[in-house]
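Per chain, numbering begins at 1; letters A, B, ... match sequence-line order. In this text the structure is predicted, and so the values were computed from the model without any measurement.
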Amino acid sequence: MKLIDMVNFLFSKNAGPYLITFDVLFKDDACYEQGRRSGIFNKETLARLYRVPPERILSIYEYDAARVIKFTMIREISSGDFGDRTVFGSQQWAPLIDLEIPEQAPAKA
Amino acid sequence: MKALEEIRVISPLGSLGYGINADSLNRAMAMRPDVIGADSGSTDCGPYYLGAGAMYHSRKAMKRDLRLLLRAARAVKIPVLIGSAGCAGARPHVLWALEILHEIAREDGHHFKLAVIYSDQDKNVLRQALAERRVKSFAGVPRLTPATVDRCCALVAQMGTQPYIEALDNGAEVIVAGRSCDSAIFASYGLWKGFDRALALHMGKIIECACMCALPPTGRDVIMGILRRDDFIIEAPNPIRRVTPGSVAGHMVYEVEHPYLQEEPEGTEDFSAVQMEPYGERATRIWNSRFHPRGKPTLRFEGAEPRGYRSYLLGATRDPFLIKQLDTFIEGCTLQLKELEADQLDFELDWQIYGRDAVLGTMEPVRNVTPHEVGILAQVLAPTQERAHDVAALLEARMIGFAYEGAKTRTAHIAFPFSPLVNDNGAVYRFGVLHTVELPDARDLLRLFPIEYSRV
């Protein structure tokens, strides 16, 4: 299942001028559970998707009350500095749209 | 006087100056609010406004919003608390908001006791904190050095609730404050009236962006928070919106790194055990917010550091032969420019290709797609505006005439929409200071933010 079919909201936004935070708000408990179980929201996968070193992914949190999985990325260039592309941290979420969310976490080797 | 059972706080919109929904404000006023809070600022729009002392909002829109708030509040004599005035909240921004406020008061015949709270900080406060190792960096922010402090041209700290409470205590009916913690603008009245700190701050955090916590979400519509002794209620006066436990929870994680821990000057707000339930058809009741006081209070400092001046070229190409070799084109133009300017390499260049990877840059995973048309933004950063302009002018001449393999045009490879071709964009800044400073004395939470009182 693609992530875009499992969410109510999916977006990126500044969390202060040096961080961009991504909110994945799942549309129901089943989708949220599948998102969590899939194990796909981990630093390595997200870093690979965004072609950044894993250290740039600062944190990943789940918050049941909001059925949200959110992760935060350290910016390469802070908001509004020369070379910045997105003052508000917006529009960075599109690569997540087609992310395949497996039914189950991949078996541990 | 008997103890208050509840206080009702209005947050009219996410950023004062964006355009208040007047119908919703009327509905909110019919719900008998005790206070109006209005957040007017953020670091969100970037460091330019703080650095240049420039305004983010439209003056006309700010005047309209302020007029609506003053009219509503003065009619029933409730206080208005405006925080992070003029967006960046430094002295020029506060003075700008004040000028508009005085203009409205004269035109509409309002009279009130005014408190103005400044958030500008002396660099020596920061230098001393650095020397005493009381400065901490947020994640992702470079360590602060004395050199960065020296280069900063504007410095503010985010005030907490103390200056607001002090001003209310002294009878202020309208407060115009500089840079403020969002939640403080909406929590201070409740704290002043003796309500629970965790609940008041949590409610402030939820309503600071107005109806962003409602469905459908928007920062452009009025929200009301009703703070009670053991819980609080969030309700949208506009009947087209609903506030649900899910919409509130979704907003609690908005624009923050941590979903349930929020740093405030005196401690940490903890929403991990928060409980919520629907309250009637369109509202939500919330309780069990917690607050963990910190041993030493901290303040967040924000400072803008000048980086130089920018000029830019905006153009586009529809030429498939050029689009195939854009990187060669960019490298070639850059090289030619640097050869011509070899005696004065005092500038930086930046290229953003719209239609290819302008939004995500190197993070863009979609590669190997050939667009039929691309936009080219070429920027120059140089020590002066004249120098940036000069370099950009020379770059334009390279771009228009660059000879590439397989070209079907002899010149004019780029469609530029503007004359003048070179656009001078002014100064560029960065948030060189975005650090927390531990305060040796809790009284600094008040002392660092001078308050001036006057009668309007």
Side-chain angles (χ1 to χ4, degrees), chain A residues 8-9 11-28 47-52 55-56 58-99, chain B residues 42-49 51 137-142 215 217 245-260 271-272 274-276 300 302 304-305 307-308 310 348-352 357-366 377 379-381 428-432 434:
Chain A
N8 276 339
F9 296 101
F11 58 92
S12 70
K13 189 82 206 297
N14 286 342
Y18 283 84
L19 303 177
I20 294 180
T21 194
F22 295 74
D23 290 3
V24 183
L25 289 141
F26 289 90
K27 66 182 178 190
D28 54 36
R48 216 168 28 245
L49 180 66
Y50 279 95
R51 306 158 150 247
V52 296
E55 311 84 78
R56 286 269 302 282
L58 174 67
S59 59
I60 304 166
Y61 293 106
E62 296 166 352
Y63 186 48
D64 297 349
R67 289 196 299 247
V68 70
I69 297 179
K70 73 186 271 123
F71 64 95
T72 299
M73 192 186 283
I74 296 171
R75 278 169 169 269
E76 194 178 3
I77 296 175
S78 66
S79 165
D81 193 1
F82 188 71
D84 180 27
R85 294 161 182 273
T86 178
V87 169
F88 292 112
S90 44
Q91 291 297 309
Q92 304 297 295
W93 52 273
L96 298 166
I97 290 173
D98 291 328
L99 200 60
Chain B
S42 176
T43 53
D44 220 30
C45 45
Y48 172 78
Y49 304 93
S137 298
F138 287 101
V141 182
L215 287 175
S247 72
V248 169
H251 179 62
M252 279 162 54
V253 303
Y254 179 67
E255 287 186 323
V256 290
E257 190 252 330
H258 201 288
Y260 51 81
F271 311 135
S272 58
V274 157
Q275 306 223 41
M276 293 189 249
R300 168 167 139 154
E302 298 167 356
E305 173 187 359
R307 293 272 284 121
R310 167 164 40 208
E348 284 178 51
L349 294 184
D350 183 70
W351 299 82
Q352 299 189 9
D357 58 0
V359 173
L360 284 153
T362 55
M363 299 201 299
E364 175 60 66
V366 179
L377 174 65
Q379 311 180 60
V380 178
L381 181 74
V428 178
Y429 300 85
R430 84 168 141 220
F431 280 112
L434 195 89

(message) Is B:Glu348 close to chain A through its backbone or its side chain, or both, or neither, when contacts mean heavy atoms under 4.5 Å?
(response) both

(request) Answer yes or no: is there an ion pair linking B:Arg430 with A:Asp84, defined by an N-O contact shorter than 4.0 Å? (result) no

(message) Using heavy-atom distances under 4.5 Å, tell me whether B:Val428 contacts chain A through its side chain, its backbone, both, or neither.
(response) side chain

(request) Taking A:Lys70 for its side chain and B:Val256 for its backbone only, find out whether a donor-acceptor pair lies under 3.5 Å. (result) yes

(message) Using modelled atom types and a 3.5 Å cut-off, is there a donor and acceptor pairing between side-chain atoms of B:Glu364 and backbone atoms of B:Thr362?
(response) no

(message) For the interface with chain B, which of A:Tyr50, A:Phe9, A:Phe11 has the highest count of heavy-atom pairs at distances below 4.5 Å?
(response) A:Tyr50

(message) Need one label for B:Leu349: side chain, backbone, both or neither, based on atoms under 4.5 Å from any heavy atom in chain A.
(response) backbone

(message) Report which part of B:Tyr429 has an atom under 4.5 Å of a heavy atom belonging to chain A: side chain, backbone, both, or neither.
(response) backbone

(request) Tell me, out of A:Asp64, A:Leu19, A:Ile77, who's got the most heavy-atom pairs with chain B below 4.5 Å. (result) A:Leu19

(request) Give, as side chain, backbone, both or neither, the part of A:Val68 having an atom under 4.5 angstrom from any heavy atom of chain B. (result) side chain

(message) I'd like to check A:Ile69 versus A:Ile60 (side-chain heavy atoms, cut-off strictly below 4.5 Å). Are they in contact?
(response) yes

(request) For each of B:Gly361, B:Ser42, B:Ala358, B:Pro259, tally heavy-atom pairs with chain A at distances under 4.5 Å, and name the one with the top tally. (result) B:Pro259

(message) I'd like to verify something: which residue of B:Glu255, B:Arg310, B:Gln275, B:Glu305 has the highest number of heavy-atom pairs under 4.5 Å with chain A?
(response) B:Glu255

(request) Starting at CG of B:Asp357, measure out to CE of B:Met363 and round the result to the nearest 0.5 Å. (result) 11.0 Å

(message) Taking the side chain as everything from C-beta on, heavy atoms only, tell me whether B:Arg307 gets closer than 4.5 Å to A:Asp81.
(response) yes

(request) Please flag which part of B:His258 lies under 4.5 Å from any non-hydrogen atom of chain A: side chain, backbone, both or neither. (result) both

(message) Need one label for B:Phe271: side chain, backbone, both or neither, based on atoms under 4.5 Å from any heavy atom in chain A.
(response) both

(request) Against chain B, label A:Arg75 side chain, backbone, both or neither, depending on which of its atoms sit under 4.5 Å from a heavy atom there. (result) neither

(message) Give me the atom names and distance for the closest heavy-atom approach of A:Ser90 to A:Ser12.
(response) C-OG, 3.4 Å

(request) Determine the minimum heavy-atom distance between B:Val248 and B:Met276, stating which atoms define it. (result) CG1-SD, 3.7 Å

(request) Find out whether A:Phe71 and A:Leu96 are in side-chain contact, i.e. whether some heavy atom of one side chain is under 4.5 Å from a heavy atom of the other. (result) yes

(request) With a 4.5 Å cut-off on heavy-atom pairs, point out which of A:Gln91, A:Met73, A:Arg85 contacts chain B the most. (result) A:Arg85

(message) Shorter than 4.5 Å, heavy atoms on both sides: which option in A:Ala65, A:Ser79, A:Pro17 has the most such pairs with chain B?
(response) A:Pro17

(message) Which one wins on heavy-atom pair count under 4.5 Å against chain A: B:Val141, B:Val253, B:Asp350, B:Thr43?
(response) B:Val253

(message) Minimum heavy-atom separation for B:Pro47 and B:Ala304, please, with both atom names.
(response) O-CB, 3.9 Å

(message) Looking at every heavy atom in both B:Pro365 and B:Leu360, which two are closest together, and how far apart are they?
(response) CD-CD1, 4.4 Å

(request) Would you confirm whether B:Tyr254, through its side chain, and A:Lys13, through its main-chain N or O, come within 3.5 Å as a donor-acceptor pair? (result) no

(request) Give, for atom CG of A:Leu58 and atom OG1 of A:Thr72, the distance between the pair rounded to the nearest 0.5 Å. (result) 6.0 Å

(message) Give the interface residues of residues 20-27 of chain A toward chain B, defined by a heavy-atom separation under 4.5 Å.
(response) A:Thr21, A:Asp23, A:Leu25

(request) Examine whether an atom of B:Leu381 lies under 4.5 Å from a heavy atom of chain A, and if so say whether it belongs to the side chain, the backbone or both; otherwise answer neither. (result) both

(request) With ring-ring contact (aromatic ring centres under 6.0 Å, His included) as the test, would you mind laying out the steps for A:Tyr63 and B:Tyr260 before giving the verdict? (result) CA-CA 8 Å; A:Tyr63 186 48; B:Tyr260 51 81; 5.6 Å; yes

